[in-house]
K.L.:
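The structure under discussion is supplied below as structure tokens; questions concerning it will follow.
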Amino acid sequence: MSQHTSSITSSRLEALNHWVAAVAHLTRPDHIHWCDGSEAEAAALRAQMLADGTLLELNQQTHPGCYLHRSTPSDVARVEHLTLVCTRERDDAGPNTHWLAPDEAHAKIDALFDGCMRGRTLYVIPYCMGPIDSPLSRCGVEITDSPYVVANMRIMTRMGAPALARIEREGTFVKGLHSIGELDPERRFIMHFPEELTIKSYGSGYGGTALLGKKCHALRIASWQARQEGWLAEHMLIVGVEDPRGNIHYIAAAFPSACGKTNLSMLIPPEGYRHAGWKVWTIGDDICWMHPGPDGRLYAINPEAGFFGVAPGTDHGTNPNALASIQHDTIYTNVAVTADNQPWWEGLHEGTPVTDWRGRPYDSAHGPAAHPNSRFTVAARQAPSWSPMAEHPQGVPISAIVFGGRRPSLVPLVFQARDWAHGVLVGAAMGSETTAAATGAVGVLRRDSMAMKPFCGYNYGDYFAHWLSFDRPGMKLPQMFHVNWFRKGAGGKFLWPGFGENLRVLEWIIGRCTGAAGAQDTPIGLLPRASDLHSEGLALREGALDELLAVDLDGWASEVSDIGQYLDSFGTHTPARLHAERERIAAAIERARGALPHAKVAS
Ligand code: GTP
Ligand code: SPV
Ligand code: MN
């Protein structure tokens, strides 16, 4: 390990040294270790975690460099009710967040931090979110007492000496303080102080609540900064789709947690598309920072360097690129294992689980073998589809923004917004069924605007206004769309095959951006006719495509009225423009219903 010193000598790092000293004074660690990100450091930490059982070795013949971490069973997902945004004014945080006044919040959590690192090592992790030489990237420092967090941050961010050098140059960084504490759900908080660029997280070792560079910094704090500085920090994948002529179209897509971002970002084209020359390039699978460029287009970077992906459902048939990525040098969290110590999860067709995610002999009476929110942590460059453009300091130009969620009924496979304001309404109105990525009930339909419900660091009404503000002279904004891979038929089965087949929908989206694809106008937006989608080689149940592309006007009338109530819940913060847009659509639906009583606008 590198420096067992309590500080680094440099006057430019005075603020950092001062903060580390203050935290050490509060938390009382036995040792302080400044992470340099080196291979030697990683190896030493790994040896230590293998010795104390934090990591278990997986089958090194089949999965070289792969390890398993079993977290405390009560600490397996994000905890939204314990995740707080602490602004001076309650209204700045908005009804979409849980709020506490900063003074009260600091007092509450500092009492938990008091002496919590006795007998432990305090790790200082300097990290950079985004390519190390990109002007769009931002740095932070996480202090943690968890070596598992250090190991994950090393994969998920550009961590160590280069990040420290950038912090020394810039003099600013986001401060994140984390302790696993007692891993007690009763003594757990994840607090954000956007006005102080500070995060404090206590009592959890789970990814999204402990790897502070990810949701805490790159979404909650960054969304606050982005509003002030005129850019967007979003819960979006970034994918490049190369057409047979060799043009790459970049698409950013916001789907809520466990709703298909990782999968779409690295999909393998259907066979016919592969033969024709279509290729898919992954830039990011979870977070997207978008800035207006000099030409008025939005340019996106992925602030992360790795994937913290959902394991269940990952297989050769669904996501072969992810499966290939995680054959080596991967940290698995809360998956099951086979008799010969290979990782296993529901949906993986090879192997049989013998030990469940809690380390008990597998018994189907206990529930699934792998936790439904079990995850893999892997370097992004291990994905066969990893794009060389992912390291580009200026980012990639975005042609289309796509919103989507788990909607078992009503919402068609795809539709296009008429213009930017309509697109912002479509994003704001997004709904989705809850998933295992957060504690609480699964499968409950709720509004999740722009997939940012758990991650927006400020008032959603102000956030909608910020989105609308990009619609100004000189901007060349992306086209906006909504997709739904999760529509169910009468038998409760998904109507759309999803995964690689989603490229058919992306092709239509790209065609709409270039002018090559047709559409029909409906009150809710522009939909493809069945003939506008490339369906050769697509196996669908009789009538499924018509069902997927139908607009149920009665259903939409009540949906749009519900959206009105939702927009009202942000009071005067909701921009008038958004209300007007909703009223325009409500009126169009009413006109169409009048013209066609009880009718559906079929494709
Ligand atoms: P977070 O990392 O939580 O933000 O999630 P994510 O949006 O990256 O979700 P991910 O791609 O990991 O998918 C979550 C689950 O949805 C997995 O179990 C997938 O198998 C499933 N899934 C993804 N894409 C599709 C699809 O097109 N159709 C269906 N039916 N399921 C899908
Ligand atoms: C999500 O829940 O959206 C994730 C996983 O991407 S976590 O980083 O834990 O939030
Ligand atoms: Mn996510």
Side-chain angles (χ1 to χ4, degrees), residues 71 75-80 83 149 152-153 156 190 201 204-220 234-239 253-268 282 284-288 304 306-323 326 333-334 345-348 368 370-377 402-408 413-414 432-440 442 448 450-455 483-488 493-506:
S71 73
D75 184 34
V76 292
R78 286 182 292 100
V79 278
E80 293 182 3
T83 301
V149 166
N152 277 270
M153 284 291 283
M156 296 303 296
I190 301 90
S201 169
S204 167
Y206 169 72
T209 51
L211 312 179
L212 301 187
K214 194 171 174 58
K215 302 301 166 103
C216 301
H217 177 166
L219 287 179
R220 297 195 192 93
E234 300 299 324
H235 191 205
M236 291 178 174
L237 68 94
I238 311 164
V239 65
F255 309 152
S257 303
C259 291
K261 290 184 299 302
T262 302
N263 279 268
L264 193 70
S265 75
M266 53 185 76
L267 72 80
I268 299 225
T282 310
D285 84 325
D286 196 49
I287 303 181
C288 166
E304 301 192 279
F307 308 129
F308 181 60
V310 176
T314 307
D315 192 28
H316 288 292
T318 56
N319 193 348
N321 273 329
L323 200 63
I326 61 182
T333 300
N334 294 333
W345 48 83
E346 276 68 19
L348 184 66
H371 188 277
N373 192 40
S374 53
R375 301 241 168 195
F376 50 78
T377 318
V402 181
F403 300 111
R406 290 181 183 260
R407 294 296 299 254
L413 178 64
V414 58
S432 194
E433 289 182 335
T434 53
T435 66
T439 55
V442 167
D448 189 348
M450 277 83 168
M452 286 285 278
K453 169 80 179 82
F455 310 118
V483 299
N484 180 20
W485 316 138
F486 299 95
R487 182 80 170 263
K488 288 180 178 167
K493 285 223 170 90
F494 293 123
L495 284 170
W496 178 251
F499 303 104
E501 303 294 348
N502 293 335
L503 184 59
R504 297 174 189 276
V505 174
L506 297 187

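Indexing begins at 1, ligand by ligand and atom by atom, following the structure's order.
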K.L.:
For ligand 1, which part of Asn502 has a heavy atom less than 4.0 Å away: the side chain, the backbone, both, or neither?
P.N.:
side chain
K.L.:
If the cut-off is 4.0 Å to any non-hydrogen atom of Thr262, which atoms of ligand 1 fall inside it?
P.N.:
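Per the distance check, 6 (P), 8 (O), 11 (O), 12 (O).
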K.L.:
Is any side-chain heavy atom of Asp286 closer than 4.5 Å to one of Lys215?
P.N.:
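Touching, per the 4.5 Å side-chain cut-off.
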K.L.:
With a cut-off of 4.0 Å, which atoms of ligand 1 are near a heavy atom of Phe486?
P.N.:
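That gives atoms 29 (C), 30 (N), 31 (N), 32 (C) of ligand 1.
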K.L.:
For Lys261, is the nearest heavy atom under 4.0 Å from an atom of ligand 2?
P.N.:
no
K.L.:
List ligand 1 atoms under 4.0 Å from Pro256, heavy atoms only on the residue side.
P.N.:
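In order of number, 7 (O).
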K.L.:
What is the nearest protein non-hydrogen atom to atom 8 (O) of ligand 2, stated with its residue, atom name and distance?
P.N.:
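Scanning the protein heavy atoms, the shortest distance from atom 8 (O) of ligand 2 goes to Lys214 CE, 3.0 Å.
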K.L.:
Once rounded to 10°, what is the value of the angle centred on the Mn ion (ligand 3) between Asp286 OD1 and His235 NE2?
P.N.:
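Asp286 OD1 and His235 NE2 form an angle of 90° at the Mn ion (ligand 3).
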K.L.:
Hydrogens and angles aside, do Asn334 and Ser374 bring a side-chain donor and acceptor to less than 3.5 Å of each other?
P.N.:
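On atom types as modelled, these side chains do not qualify, holding no pair under 3.5 Å.
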K.L.:
Hey, could you give me the CZ/CD1 distance between Arg375 and Ile326, rounded to the nearest 0.5 Å?
P.N.:
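Going from the CZ atom of Arg375 to the CD1 atom of Ile326 covers 12.5 Å.
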K.L.:
Drop me the distance from Leu413's CG to Trp485's CH2, to the nearest 0.5 angstrom.
P.N.:
6.0 Å
K.L.:
Is it the side chain, the backbone, both or neither of Asn319 that has a heavy atom closer than 4.0 Å to ligand 1?
P.N.:
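Contact part for Asn319 vs ligand 1: neither.
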K.L.:
Is there a nitrogen or oxygen of Gly207 sitting under 3.5 Å from a nitrogen or oxygen of ligand 2?
P.N.:
no
K.L.:
Test your reading of the structure: does Phe255 have an N or O sitting under 3.5 Å from an N or O of ligand 1?
P.N.:
no
K.L.:
Checking the N or O distance criterion of under 3.5 Å, is ligand 1 in contact with Phe499?
P.N.:
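N/O-N/O distance under 3.5 Å: yes.
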K.L.:
Pick, from Phe307, Phe255, Tyr206, the option with the minimum heavy-atom distance to atom 9 (O) of ligand 2.
P.N.:
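Ranked by closest heavy atom to atom 9 (O) of ligand 2, first place is Tyr206.
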K.L.:
Just to confirm my output: which protein heavy-atom neighbour is closest to atom 5 (O) of ligand 1, and how far is it?
P.N.:
Ala258 N, 2.7 Å
K.L.:
What distance do Thr314 atom OG1 and Leu323 atom CG have between them, rounded to the nearest 0.5 Å?
P.N.:
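Answer rounded to 0.5 Å: 7.5 Å.
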K.L.:
Can you list the ligand 2 atoms lying under 4.0 Å from a non-hydrogen atom of Asp286?
P.N.:
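Numbered from 1, ligand 2 contributes 6 (O).
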K.L.:
Counting each atom of ligand 2 from 1 as listed, which ones have a heavy atom of Gly208 under 4.0 Å away?
P.N.:
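Listed by number with element: 7 (S), 8 (O), 9 (O), 10 (O).
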K.L.:
How does Phe455 reach ligand 2, if at all, at less than 4.0 Å between non-hydrogen atoms: by side chain, backbone, both, or neither?
P.N.:
side chain
K.L.:
Report the nearest protein non-hydrogen atom to atom 2 (O) of ligand 2: residue, atom name, distance rounded to 0.1 Å.
P.N.:
Arg78 NE, 2.9 Å
K.L.:
Hydrogens and angles aside, do Ser257 and Arg78 bring a side-chain donor and acceptor to less than 3.5 Å of each other?
P.N.:
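Yes, side-chain donor-acceptor contact under 3.5 Å.
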K.L.:
I need the Asn484 CG to Arg406 CZ distance, nearest 0.5 Å.
P.N.:
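CZ of Arg406 is found 10.0 Å from CG of Asn484.
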K.L.:
If we only consider heavy atoms of Gly309, is any one of them less than 4.0 Å away from an atom in ligand 1?
P.N.:
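The answer is no: ligand 1 sits nowhere under 4.0 Å from a heavy atom of Gly309.
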K.L.:
Nearest 0.5 angstrom please: Ile238 CD1 to Asp285 CG, how far?
P.N.:
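Going from CD1 on Ile238 over to CG on Asp285, the span is 10.0 Å.
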K.L.:
At under 4.0 Å between heavy atoms, which part of Cys259 makes contact with ligand 1: side chain, backbone, both or neither?
P.N.:
backbone
K.L.:
Give the atom numbers and elements of ligand 1 that come within less than 4.0 Å of a heavy atom of Pro312.
P.N.:
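Per the distance check, 17 (C), 18 (O).
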K.L.:
Starting from atom 9 (O) of ligand 1, locate the nearest protein heavy atom and write down its residue, its atom name and how far away it is, to 0.1 Å.
P.N.:
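In this structure, atom 9 (O) of ligand 1 has Gly260 N, 3.0 Å as its nearest protein heavy atom.
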K.L.:
Give me the nearest non-hydrogen protein atom to atom 6 (P) of ligand 1 as residue plus atom name, then the distance to 0.1 Å.
P.N.:
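Residue, atom and distance for the closest contact: Lys261 N, 3.3 Å.
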K.L.:
Please work out whether the ring planes of Phe455 and His235 are parallel, tilted or perpendicular, with thresholds of 30° and 60°.
P.N.:
perpendicular
K.L.:
Only heavy atoms of His235, strictly under 4.0 Å: list the atoms of ligand 1 that pass.
P.N.:
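Checking each atom against His235, I get 4 (O).
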K.L.:
Ligand 1 and Gly498, any nitrogen or oxygen pair closer than 3.5 angstrom?
P.N.:
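Between Gly498 and ligand 1 (N or O atoms, distance only) the closest approach is not under 3.5 Å.
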K.L.:
Considering distance alone, does some N or O of Lys215 sit under 3.5 Å from an N or O of ligand 2?
P.N.:
yes
K.L.:
Ser201 side chain to Ala210 main-chain N or O, any donor-acceptor pair under 3.5 Å?
P.N.:
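Between the backbone of Ala210 and the side chain of Ser201 there is no qualifying donor-acceptor contact (under 3.5 Å).
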K.L.:
Is a side-chain N or O of Glu304 found less than 3.5 angstrom from the main chain of Gly284, in a donor-acceptor match?
P.N.:
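Such a contact is absent between Glu304 side chain and Gly284 backbone.
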K.L.:
Assess Lys261: does it contribute an N, O or S atom lying under 2.8 Å from the Mn ion (ligand 3)?
P.N.:
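No, Lys261 does not qualify, because none of its backbone or side-chain N, O or S atoms lies under 2.8 Å.
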K.L.:
Would you say the side-chain atoms of Asp448 and Ser432 include a donor-acceptor pair closer than 3.5 Å?
P.N.:
no
K.L.:
Report yes or no: does a heavy atom of Arg406 sit under 4.0 Å from some atom of ligand 1?
P.N.:
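A heavy atom of Arg406 does come that close to ligand 1.
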K.L.:
If the cut-off is 4.0 Å to any non-hydrogen atom of Ser257, which atoms of ligand 2 fall inside it?
P.N.:
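Counting atoms of ligand 2 from 1, those under 4.0 Å from Ser257 are 1 (C), 2 (O), 3 (O).
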K.L.:
Can a cation-pi geometry be assigned to Lys261 and Phe255, taking NZ or CZ under 6.0 Å from the six-membered ring centre and within 45° of the ring axis?
P.N.:
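Relative to the ring axis of Phe255, which defines the angle, Lys261 lies outside at least one limit.
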K.L.:
Answer yes or no for Thr318: is there a heavy-atom contact with ligand 1 below 4.0 Å?
P.N.:
no
K.L.:
Heavy atom of Ser265 under 4.0 Å from ligand 1?
P.N.:
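No.
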K.L.:
Evaluate the side-chain proximity of Thr435 to Cys259: yes if any heavy-atom separation is below 4.5 Å, no if none is.
P.N.:
yes
K.L.:
How many angstroms lie between CE in Met266 and CZ in Phe307, if you round to the nearest 0.5 Å?
P.N.:
4.0 Å
K.L.:
With heavy-atom distances below 4.0 Å as the criterion, list the atoms of ligand 2 near Ala437.
P.N.:
2 (O)
K.L.:
Compute the minimum heavy-atom distance from Glu501 to ligand 1 and say whether it is under 4.0 Å.
P.N.:
no
K.L.:
Among all protein heavy atoms, pick the one closest to atom 2 (O) of ligand 1 and tell me residue, atom and distance.
P.N.:
Arg375 NH1, 2.8 Å
K.L.:
Need the ligand 2 atom indices (1-based, order shown) with element for anything under 4.0 Å from a heavy-atom of His235.
P.N.:
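So the atoms of ligand 2 that pass are 3 (O).
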K.L.:
Return the residue, atom name and 0.1 Å-rounded distance of the protein heavy atom closest to atom 11 (O) of ligand 1.
P.N.:
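Going atom by atom, the protein heavy atom closest to atom 11 (O) of ligand 1 ends up being Asn263 ND2, 2.7 Å.
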